[in-house]
Visitor: 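Provided herewith is a single structure, encoded as structure tokens, for subsequent inquiry.
The sequence lines fix the lettering, A, B, ..., with proteins before strands; numbering per chain opens at 1.
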There are 2 protein chains.
Amino acid sequence: MANRPQARTDVNRSAILARLGAHGPASRADLARALNVSPALMTQLTKDLLSEGLLRELEHSPSQGGRPARMLGLMSTAGRAIGVKVVADHVAFVDVGIDGTVVRSASEPFDASASTFLADLTGLLRRFVAGGGSAPLLGVGVGVPGSVDRQANGLVDSTQMGWRQVPLGSTLQRELNLPVIVENNVNALAIAERLYGVGRLHENFLVVTIGTGIGAGIMVDGVVLRGSGGGAGEVGHIPVEVDGPLCTCGNHGCLESIIGEAALVRLGRGRGVIGEHSGIAALRGAADSGNAEATRIFSEAGHVLGRTLAGIVHTLDPEIVIVLGEGTAAWSHWSFGFEPAFRSSLIPSRRGVAVAVETWQDESWAQGAAALVLATPFDAEDMAGDQGRLVRERLVEQAFPQAGAGA
Amino acid sequence: MANRPQARTDVNRSAILARLGAHGPASRADLARALNVSPALMTQLTKDLLSEGLLRELEHSPSQGGRPARMLGLMSTAGRAIGVKVVADHVAFVDVGIDGTVVRSASEPFDASASTFLADLTGLLRRFVAGGGSAPLLGVGVGVPGSVDRQANGLVDSTQMGWRQVPLGSTLQRELNLPVIVENNVNALAIAERLYGVGRLHENFLVVTIGTGIGAGIMVDGVVLRGSGGGAGEVGHIPVEVDGPLCTCGNHGCLESIIGEAALVRLGRGRGVIGEHSGIAALRGAADSGNAEATRIFSEAGHVLGRTLAGIVHTLDPEIVIVLGEGTAAWSHWSFGFEPAFRSSLIPSRRGVAVAVETWQDESWAQGAAALVLATPFDAEDMAGDQGRLVRERLVEQAFPQAGAGA
DNA sequence: ACCTCTTTGTTCAGAACTAAACAAAGAATA
DNA sequence: TATTCTTTGTTTAGTTCTGAACAAAGAGGT
């Protein structure tokens, strides 16, 4: 009895799965190099995973100069994760496979300022989870606009939603009985970019979101920079203009108070471009149809953003800057001011920094949150802490639902 | 024959030595916790190191609630490192013991713009090395104002000294036949702060130097943030003022062009506070003796620095900001503008960030460079790469100068 | 004085991993 | 076509490290 393969180190096992999920099929040799272990060990680990049905051997074999590689791929039934994007007035859910593909999604109204918001959110999430597919659910990732304490206990501070020290993570864990990983939404986006987007090719990059607020996710050597209190990336409150407009944070002249959505709308109304009750869509429409004052508003915003980002680039030296968020819908107008200001504010040796602009949807934010769960196996026990361990456990348990199945 | 203890993993061995050097004596249990290995292994490793004469057991035993700890200390003869600070017009050397104490120091004139600067520097360094003590020399750390390529090969770009792609590291290695680690001087200071200064208590902090230039060293989770090209921390070129004064980088309105030493002196002359041929010392003197215009110049500089640093704090969320450099001699005048500007530009939750001002000497910069060598064993093979391995080797060889000494 | 609790440090079996040799399978080359 | 080279993947032997049990040495209470 007890011929159970004595579960190898879970970290390595799940790192293999996560790697395959994020980067697609790979050979044993590739994996050994990527995860920095010996080929010998990789043979062992993959043998186990194959016999457990988590991996499968693909016939495919490229062959380039030497023995052709036998590619390994994930069994798509190995697991899935749920991602949640929480904002002030609604919640978006996605259910993604272990390979990052969206299986299912939904969006529900939600009032973050209601006194029952925690129970409301739990209920909505519980309903979405209940409608799930057959693959085992590894965990839930939640992206929120605000800062989250380091250990991903899920203690949330959010000025945007009026939350102070809300125990979002622990509450959801208890209620749902699932691993829950809570993270700032821009950081979640940065992780998604690292796994599935432009960031796959870069270890050091900056994700900047423009929209209601201005935020940044900072990726350094492949991991998110959180700072001492989980509050890194609050670039929306970089002081830009002395005695500038009042910001939601109480200060004057923050970046966000000048180029945030509210500020642009206010300018549009003030300069008579749009009506007193029109919003950002109208302003963008005006610019699209050639209104000079409207394009100027966006271009000026681009100018301010360009100068400020140049400063951040000098501070952090990223390989690439990725601009995201609802605001990118009007990027063609922003860029008019952004490009010259950004380039001319950089020191010569840094002037070649790439800038990529992407238009992601609401769903993408939630996908970023799901990526938190799928990415946890990567972080060496540190970041996601307890919840990360739980995700790993579920990923491994999956092979041996009960006790050891005899030979 | 061959009863040689079969040298255990060098990384762990030298990590123990480096840890003891940086933090003073510690018990085996302390070390095991700090270096994240099992107590069992620590027993093994320290047994070897003790028998090799690199460590010694201290009688001292605090005892607090349980069995009293047997402290371990370094044999001060285990090794030493040389630190070099290179600037445009001179070079400073220090010779420090493995515990970070300065044994010997020197300063020599040097012309970074001479065509023979590489040979000159080699010669000066060779002479200083020759005058060394008895402890084995582990390596040489060099701090330069400029950016150094990632692998610490020592390829230097420095606008301040007019160097482009100077192979400083490889040249010195070849000529001196010693491990050489080259690093940006502010980063070196940050490492020194981490080992010996305020940074011992913090994993996330910012070192800001004010003087000729303005620079920053960024410590994240205990390691220096270098960025993609080793150019992180160039905060001197953050754009501050549209159409501001011309900067050495060719742009206008960089932070450095407004509050760098040259800018302050120019203001002082322009406003008639000091003569056309007086320098920063005269300006500081004027402020010290109460000249209102002089104090205003420093205070305005403090104001600009405060606002800009607030932006960096929002971006990185450090626990503490440490201000250093020659400029701190006049800090009492800077702070008049700095404090209110800094605090009022921070979002409420960040307003408590600590600021420490230290006045370090030329020698401290060189000590920071030496710290590079003593700190290498910490970085897990990554940063200092080849040179780090060499330092480790020398630290280990030291116990077995030749082949295995019989029983 | 005696028991319990806490912390340090050691020993030993066994797990996790690596290094090195080798087998497999094709490309490049003569 | 045979030879060499390159890369993948496996096997085996051995090293590094951990976990768990235990001994040592004191503090704190009863």
Visitor: Rounded to whole Å, how long is the line connecting atom CG of B:Leu31 with atom P of C:dT8?
Guide: 12 Å

Visitor: For a quick test of reading the model: is some side-chain N or O of B:Thr43 closer than 4.0 Å to OP1 or OP2 of C:dT10?
Guide: yes

Visitor: Quickly work out the A:Leu41 CG to D:dT11 C1' distance and round it to whole Å.
Guide: 14 Å

Visitor: Output the rounded distance in Å from CG (A:Leu35) to P (C:dA16).
Guide: 17 Å

Visitor: Starting at CD1 of A:Ile16 and ending at C1' of C:dC17, how long is that distance when rounded to a whole Å?
Guide: 13 Å

Visitor: With rounding to the nearest 0.5 Å, note down the distance linking CG in A:Leu225 to CG in B:Asp221.
Guide: 7.5 Å

Visitor: Looking at side-chain heavy atoms only, is the closest gap between A:Asp30 and A:Arg33 below 4.5 Å?
Guide: yes

Visitor: Starting at CZ of B:Arg70 and ending at P of D:dG26, how long is that distance when rounded to a whole Å?
Guide: 11 Å

Visitor: Tell me the interatomic distance from A:Asn36, atom CG, to C:dA16, atom C1', rounded to whole angstroms.
Guide: 15 Å

Visitor: So, does B:Arg194 use its side chain to make a donor-acceptor pair with the main chain of B:Gly199 at under 3.5 Å?
Guide: yes

Visitor: Between A:Asn204 (side chain) and A:Val220 (backbone), is there a donor-acceptor pair under 3.5 Å?
Guide: no

Visitor: Between B:Lys47 and B:Arg33, which has a closest nucleotide on DNA chain C that is more 5'?
Guide: B:Arg33

Visitor: In whole angstrom, give the distance that lies between atom CZ of B:Arg28 and atom C1' of D:dC17.
Guide: 18 Å

Visitor: Between B:Val140 and B:Leu172, does a side-chain contact (heavy atoms from CB on, under 4.5 Å) hold up when you go through it step by step?
Guide: CA-CA 9 Å; B:Val140 177; B:Leu172 292 178; 5.8 Å; no

Visitor: Run the side-chain contact (heavy atoms from CB on, under 4.5 Å) test on B:Val224 and B:Met219 for me, step by step, so that the C-alpha distance in whole Å, both residues' side-chain angles and the decisive distance to 0.1 Å come before the verdict.
Guide: CA-CA 5 Å; B:Val224 171; B:Met219 190 67 75; 3.9 Å; yes

Visitor: Protein within reach of the bases, or only the backbone? For nucleotides 19-30 of chain C, mark each nucleotide 5' to 3' as B, S or -, using heavy atoms under 4.0 Å.
Guide: B---BBBBS---

Visitor: Whether the side chain of A:Arg70 engages the backbone of A:Ser27 through a donor-acceptor N/O pair (distance < 3.5 Å, no angle test) should be reported.
Guide: no

Visitor: Within a strict 4.5 Å, meaning less than it, do heavy atoms of the B:Leu74 and B:Leu55 side chains meet?
Guide: yes

Visitor: If we ignore hydrogens and angles and just use 3.5 Å, is the side chain of A:Arg80 paired with the main-chain N or O of A:Pro136 as donor and acceptor?
Guide: no

Visitor: From CG of A:Leu45 over to P of D:dG9, roughly how many Å is that when rounded to an integer?
Guide: 14 Å

Visitor: Can you pull out how bent the helix from C:dA1-D:dT30 to C:dA30-D:dT1 is, comparing the axes over its first five and last five pairs, to 10°?
Guide: 10°

